[in-house]
Novice: 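One structure follows; several queries about it will come next.
Small disclaimer: the values here were computed from a predicted structure and weren't measured.
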Amino acid sequence: MSSWIQNIKSIQTHMDYDGQARAEKLSTVIITLFGVVGLIWGYIIQQFSQTIYVLGAGFVTAALLTVPPWPMYRCKPLDWQKPQQSGGSSKLKKMK
């Protein structure tokens, strides 16, 4: 059981800013594409319910491809500044 917990804790759960933008664009393209295809298919067979089913499949596909933090969304991590080790702020002491 302990190995299960370690495996779950080792899963990456973050996405960088470029990955977020990429995921948003991808989900927009997928949902739009499925919506247009669903509208055309529903018009051809004269069934609006088929349009909704195709659009629902698009939402599920977009969610599976963009909600989990896949490695393709973590390509450009930010370099954060290292924390300073001084006990107090020297600028505040100089200003007084």
Novice: State yes or no: do Val36 and Ile44 share one hydrophobic cluster built from I, L, V, M, F, W and Y residues joined by side-chain heavy-atom distances below 4.5 Å, directly or via other members?
Specialist: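 Yes, same cluster.
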Novice: Cut-off 3.5 Å, no hydrogens considered: what does the side-chain donor-acceptor table look like for residues 57-68, sequence neighbours left out?
Specialist:
from	atom 1	to	atom 2	distance (Å)
Thr61	OG1	Ala57	O	2.8
Thr66	OG1	Ala62	O	2.5

Novice: Could you give the distance from NE2 (His14) to OH (Tyr73), rounded to the nearest 0.5 Å?
Specialist: 14.0 Å
Novice: Does the Arg74 side chain pair with the main chain of Thr13, one donor and one acceptor, at a distance under 3.5 Å?
Specialist: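 No: the side chain of Arg74 does not pair with the backbone of Thr13.
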Novice: List the residues meeting side-chain contact (heavy atoms from CB on, under 4.5 Å) with Ser10, not counting sequence neighbours, and say none if there are none.
Specialist: none
Novice: Could you list the residues that satisfy salt bridge (Lys or Arg N to Asp or Glu O under 4.0 Å) with Lys76, not counting sequence neighbours?
Specialist: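 Listed in chain order: Asp18.
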Novice: As an exercise, state the distance from CH2 of Trp70 to CZ of Arg22, rounded to the nearest 0.5 Å.
Specialist: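 Trp70 atom CH2 to Arg22 atom CZ measures 15.0 Å (nearest 0.5 Å).
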Novice: Quick one: list whatever passes side-chain contact (heavy atoms from CB on, under 4.5 Å) with Leu39, sequence neighbours left out.
Specialist: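 If we apply the side-chain contact (heavy atoms from CB on, under 4.5 Å) test to Leu39, skipping adjacent residues, the hits are Thr51.
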Novice: How far does CD1 of Ile8 sit from CH2 of Trp4, to the nearest 0.5 angstrom?
Specialist: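 CH2 of Trp4 is found 6.0 Å from CD1 of Ile8.
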Novice: Please write out which residues are connected to Trp80 in a hydrophobic cluster, directly or through intermediates, given that two of Ile, Leu, Val, Met, Phe, Trp, Tyr count as joined at side-chain heavy-atom separations below 4.5 angstrom.
Specialist: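 Hydrophobic cluster check, Trp80: joined to Tyr17, Leu78.
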Novice: Give, for atom CD of Gln85 and atom NZ of Lys82, the distance between the pair rounded to the nearest 0.5 Å.
Specialist: 11.0 Å
Novice: Which atom names give the shortest non-hydrogen contact between Met15 and Gln20, and what distance separates them?
Specialist: O-NE2, 3.7 Å
Novice: Transitively linked via ILVMFWY side-chain contacts under 4.5 Å: Ile30 with Val54?
Specialist: yes
Novice: Any chance you could measure Leu26, atom CG, to Ile31, atom CD1, to the nearest 0.5 Å?
Specialist: 9.5 Å
Novice: So does Gln84 have more than 12 non-hydrogen atoms from other groups sitting under 6.0 Å from CD?
Specialist: no
Novice: Among residues two or more places apart or on two chains, list those pairs meeting side chain to side chain donor-acceptor pair (under 3.5 Å) that have a residue in residues 23-45.
Specialist: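 Counting only pairs at least two positions apart or across chains, no side chain to side chain donor-acceptor pair (under 3.5 Å) contact touches residues 23-45.
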